[in-house]
> 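My structure is below; once you've seen it, I'll send some questions.
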Amino acid sequence: MSDPFYITTAIAYPNGKPHIGHAYEAIATDAIARFQRLMGRDVRFITGTDEHGLKMVQTARAAGRDTLEFADEMSSYFKEMCDKLNISYTAFVRTSEDRHHQASQALWKAMEASGDLYLDRYEGWYSVRDEAFYDESELHIGEGGIKLSPQDTPVEWTVEETWFFRLSRYQDALLKLFEENPEFIQPDSRRNEVMRFVEGGLRDLSVSRTSFDWGVKVPGSPDHVMYVWVDALTTYMTGVGYPDDRSEFARFWPADVHIIGKDIVRFHAVYWPAFLMSAGLPLPKRIFGHGFLLSRGEKMSKSLGNVVDPMELAHLFGVDALRYFFLREVSFGQDGSYSAEAIVTRVNADLANSFGNLAQRTLSLIFKNCDGYLPEIHGHHREDEELFRTIGNSVSNEIPNHFQNLAMSQGLESWIQAVFACNAYIDAQAPWALKKADPKRMETILATLFISIAQLAVAALPVIPESAKKLLDQMGIPKAVRNFEMIGTHWYSGLAESNYRLEQPQGLFPRLELPLDEGSGT
RNA sequence: GGCGAAGUAGCUCAGCUGGUUAGAGCGGUGGAAUCAUAAUCCAUAGGUCGGGGGUUCAAGUCCCUCCUUCGCUACCA
């Protein structure tokens with residue numbers, strides 16, 4: 001059986017509809033998952049929604065809705081988004097599911113068994129929005145004399161009985177973990193922040209609430225529900241069968257990487273490993289905190305009116321175009337900027353003009369000059385070998401290495417350079433001029449290009465799955481060859497000898513137009 | 001206040017452990033080509049690598065300092 005690979009997105013809080021950040025995270029995670037499949041790994045890819053907590057109750061109530069019914073609807077938007085964006089998750093986990101409650105309770109019991117949970121009374125300033133208590137010293141006064149949390153959310157004085165987790169006990173173990181596994185938190189700037197936070201000392205964490213009941217019941221304390229982060233994080237285990245499906249869980253846990261936003265690094269890099277250590281479970285291998293997408297360099301906010309619906313972008317420009325843009329243009333781990341012009345420019349230049357047009361002109365030449373049959377190779381020239389070397393180095397070496405390191409933009413940089421090399425090659429060789437003068441040479445050139453394009457299409461599958469598949473289908477590339485290992489082998493003659501015949505080639509990436517209402521911005 | 005990141009061609013950015021004339025894409029300019037989605041290819045544009053100082057035979061690449069932007073964190077009020 002092939003090597004397992006387990007990856008997750010963060011589990012989204014469906015308090016509102018999915019925004020572009022959710023789409024970005026899902027797309028990036030999906031590209032990695034697809035890449036690993038093409039590398040022959042047996043992939044589990046979990047995403048889902050984190051539906052508990054007082055905030056959901058209140059939002060539902062404000063809308064005059066039943067909480068679960070409201071959660072059903074909101075969660076469905078996230079699932080729809082994933083399906084629309086071609087996200088190849090293996091399970092979409094909702095924290096309101098029964099199996100998830102069981103998983104969370106199992107984790108809780110394991111932590112309790114380690115003596116890390118104790119009941120105490122908590123009095124303090126509580127922010128519903130943040131689902132967190134704050135010390136008086138952390139508060140500041142906002143407009144109208146209202147006390148606000150450090151996140152500028154309103155707080156109220158709350159007294160409740162609560163379970164605590166002995167987080168303080170894990171300070172040294174966590175620091176040791178970070179020091180011995182520099183890859184555990186990435187990028188490095190996030191790692192530094194977390195380390196400094198932990199070095200500053202850890203307080204025990206309040207991990208249950210009694211002020212509402214929309215959550216996972218604490219075993220043996222029916223008045224308590226778990227702190228949302230406890231059960232949200234547990235989703236990563238629910239998704240691979242914890243606690244019942246022991247073989248699935250044993251096979252896929254711990255996760256190879258949790259892809260999350262930079263704003264929730266602490267929960268994943270501090271609380272989560274501490275919970276797991278307490279429960280005696282293996283820790284995820286890597287936490288990757290990606291950056292935020294900024295609209296024309298500015299943070300998205302409702303007040304600025306620059307909130308963009310990712311579904312609208314996908315509809316406007318196409319799913320693959322959007323996926324390509326995000327992964328090519330944004331250096332993974334850093335913040336990125338997007339705008340309609342940037343998307344149109346990038347997608348037209350790379351996908352329509354360079355790659356799409358390359359495929360179109362090559363396949364058209366074969367269609368017209370070879371009657372659609374794949375041309376024979378009559379011995380390669382040095383220029384052909386050079387092109388193969390360039391493509392091979394990119395497709396078999398640089399791209400997989402970069403993707404392996406979650407450096408998608410750099411992998412795509414290598415990819416587009418290889419595409420450029422093909423365009424330079426076709427212009428230099430000018431096969432269209434050889435139809436009568438030297439038809440054999442023309443055939444060899446077209447075959448060389450056909451092979452190169454197939455390799456580039458396979459390498460692009462993780463990023464633009466739909467269009468790359470269409471292209472490979474047009475080209476008649478067998479399914480068995482559509483992975484990083486096989487596409488580098490000698491499959492061409494077999495395909496040519498099978499008398500595969502091309503249809504009239506269809507354009508893959510239509511040139512995009514800048515929508516009228518988008519072009520006039522700053 | 002502490003820690004950290006960023007500041008490189010008009011724009012968006014690459015530049016790992018310091019080493020020949022600082023790179024790419026887009027845009028601009030001049031050519032070529034016409035198979036192709038008016039797409040492509042070639043050449044080119046002379047940017048004090050935020051300012052200043054230092055180490056070194058040699059510094060975007062190391063050290064110090066200052067400026068600007070951002071992140072994490074602390075504290076005062």
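Residue numbers begin at 1 in each chain, while the letters A, B, ... track the order of the sequences.
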> Can you give one letter per nucleotide of nucleotides 1-16 of chain B, 5' to 3': B if a protein heavy atom sits under 4.0 Å from the base, S if only from the sugar-phosphate, - if neither?
--S----------S--
> Does any nucleotide pair with B:A38 by Watson-Crick or G-U wobble geometry, both distances under 3.5 Å, and what is it?
none
> Any side-chain heavy-atom pair from A:L202 and A:L174 closer than 4.5 angstrom?
yes
> May I have the list of side-chain donor-acceptor pairs in residues 367-378 of chain A shorter than 3.5 Å, sequence neighbours left out?
| unit_1 | atom_1 | unit_2 | atom_2 | d |
| --- | --- | --- | --- | --- |
| A:D371 | OD1 | A:R501 | NH2 | 3.2 |
| A:D371 | OD2 | A:R501 | NH2 | 3.4 |
| A:H378 | NE2 | A:E443 | OE1 | 2.7 |

> I'd like the C1' distance from B:A5 over to B:A77, given in whole Å.
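Looking at atom C1' only, B:A77 and B:A5 are 29 Å apart.
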> Which pairs pass salt bridge (Lys or Arg N to Asp or Glu O under 4.0 Å) with one or both residues in residues 18-30 of chain A, sequence neighbours excluded?
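Only A:D30-A:R34, A:D30-A:R323 qualify under salt bridge (Lys or Arg N to Asp or Glu O under 4.0 Å).
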> Looking at B:A43, which nucleotide sits across from it as a Watson-Crick or G-U wobble partner, both distances under 3.5 angstrom, or is there none?
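Pair assignment: B:A43 / B:U29.
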> If you measure from the C1' atom in B:A22 to the same atom in B:A9, how many Å do you get, rounded?
10 Å
> Using atom C1' of each nucleotide, how far apart are B:A36 and B:C16 to the nearest Å?
39 Å
> Applying side chain to side chain donor-acceptor pair (under 3.5 Å), can you list everything that pairs with A:D204, at least two apart in sequence or on another chain?
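Counting only residues at least two positions away or on another chain, A:D204 forms a side chain to side chain donor-acceptor pair (under 3.5 Å) with A:Y118, A:S168.
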> What is the distance, rounded to the nearest whole Å, between atom CZ of A:R328 and atom P of B:C26?
10 Å
> Is the ring centre of A:F165 less than 6.0 Å from the ring centre of A:Y170?
yes
> Quote, to the nearest angstrom, the C1' distance that separates B:A45 from B:G10.
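These two C1' atoms come out 11 Å apart once rounded.
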> Which value, in whole Å, describes the distance between the C1' atoms of nucleotides B:G53 and B:A14?
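The answer is 28 Å between these two C1' atoms.
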> Name all residues meeting the side chain to side chain donor-acceptor pair (under 3.5 Å) criterion together with A:R389; count only those two or more places apart in sequence or in a different chain, and write none if there are none.
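In terms of side chain to side chain donor-acceptor pair (under 3.5 Å), with neighbours along the sequence ignored, A:R389 is linked to no residue.
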> On a whole-Å scale, what distance lies between the C1' atoms belonging to B:A32 and B:U20?
32 Å
> B:G1 pairs with which nucleotide, Watson-Crick or G-U wobble, both distances below 3.5 Å?
B:U73
> Please work out whether B:G60 sits syn or anti, treating a glycosidic angle within 90° of 0 as syn.
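Syn, since the glycosidic angle lies within 90° of 0.
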> Nearest whole Å is fine: how far is B:G71 P from A:F292 CZ?
10 Å
> In residues 371-401 of chain A, what residues come within less than 4.0 Å of RNA chain B, judged by heavy atoms?
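Nothing qualifies; none.
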> Strictly by side-chain hydrogen bond (donor to acceptor under 3.5 Å, both in side chains), give each pair with a member in residues 407-416 of chain A just once, sequence neighbours left out.
A:R328-A:E413, A:S394-A:S414, A:E398-A:S414, A:E413-A:Q417
> Would you give me the side-chain donor-acceptor pairs under 3.5 Å for residues 429-440 of chain A, sequence neighbours excluded?
| unit_1 | atom_1 | unit_2 | atom_2 | d |
| --- | --- | --- | --- | --- |
| A:Q429 | OE1 | A:R441 | NH2 | 3.1 |
| A:D438 | OD1 | A:R441 | N | 3.2 |

> Under a 3.5 Å cut-off for both contacts, is B:A9 paired Watson-Crick or G-U wobble with anything, and if yes, with which nucleotide?
none
> What is the distance, to the nearest angstrom, from the CH2 atom on A:W415 to the C1' atom on B:A24?
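Computing the A:W415:CH2 to B:A24:C1' distance gives 16 Å.
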> Please report, rounded to the nearest Å, how far the P atom of B:C72 is from the CD atom of A:E199.
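Going from CD in A:E199 over to P in B:C72 covers 18 Å.
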> Restricting to side chain to side chain donor-acceptor pair (under 3.5 Å), what partner residues turn up for A:D473, sequence neighbours left out?
A:K469, A:R482
> Give the table of side-chain donor-acceptor pairs shorter than 3.5 Å for residues 311-322 of chain A, with sequence neighbours excluded, one pair per line with atom names and distance.
| unit_1 | atom_1 | unit_2 | atom_2 | d |
| --- | --- | --- | --- | --- |
| A:D320 | OD2 | A:E466 | N | 3.2 |
| A:D320 | OD2 | A:S467 | N | 2.6 |
| A:D320 | OD2 | A:S467 | OG | 2.3 |

> Side-chain contact test, heavy atoms from C-beta onward, threshold under 4.5 Å: evaluate it for A:H258 versus A:F288 and give yes or no.
no
> How does protein reach along nucleotides 31-44 of chain B, written 5' to 3' as B (base within reach of a heavy atom under 4.0 Å), S (only sugar-phosphate), or - (no contact)?
---SBBB-SBSS--
> Which base, if any, makes a Watson-Crick or G-U wobble pair with B:U21, both distances under 3.5 Å?
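Check on B:U21: unpaired, no WC or wobble geometry under 3.5 Å.
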> Considering only atom P, compute the distance from B:G27 to B:G4 and round it to an integer number of Å.
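Comparing P positions in B:G27 and B:G4 gives a spacing of 40 Å.
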> Can you tell me how far P in B:U8 sits from the matching atom in B:U48, rounded to whole Å?
12 Å
> Select from A:Q417 and A:K262 the residue whose nearest nucleotide in RNA chain B is closer to the 5' end of that strand.
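On the 5' side of the pair lies A:Q417.
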> Donor-acceptor pairs under 3.5 Å, side chain of residues 502-515 of chain A to any protein atom, not counting sequence neighbours: which ones?
| unit_1 | atom_1 | unit_2 | atom_2 | d |
| --- | --- | --- | --- | --- |
| A:Q506 | NE2 | A:Q504 | O | 3.4 |
| A:R511 | NH1 | A:N353 | OD1 | 2.6 |

> Nearest 0.5 Å, please: how far is CZ in A:F326 from CZ in A:F332?
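Separation between the atoms: 12.5 Å.
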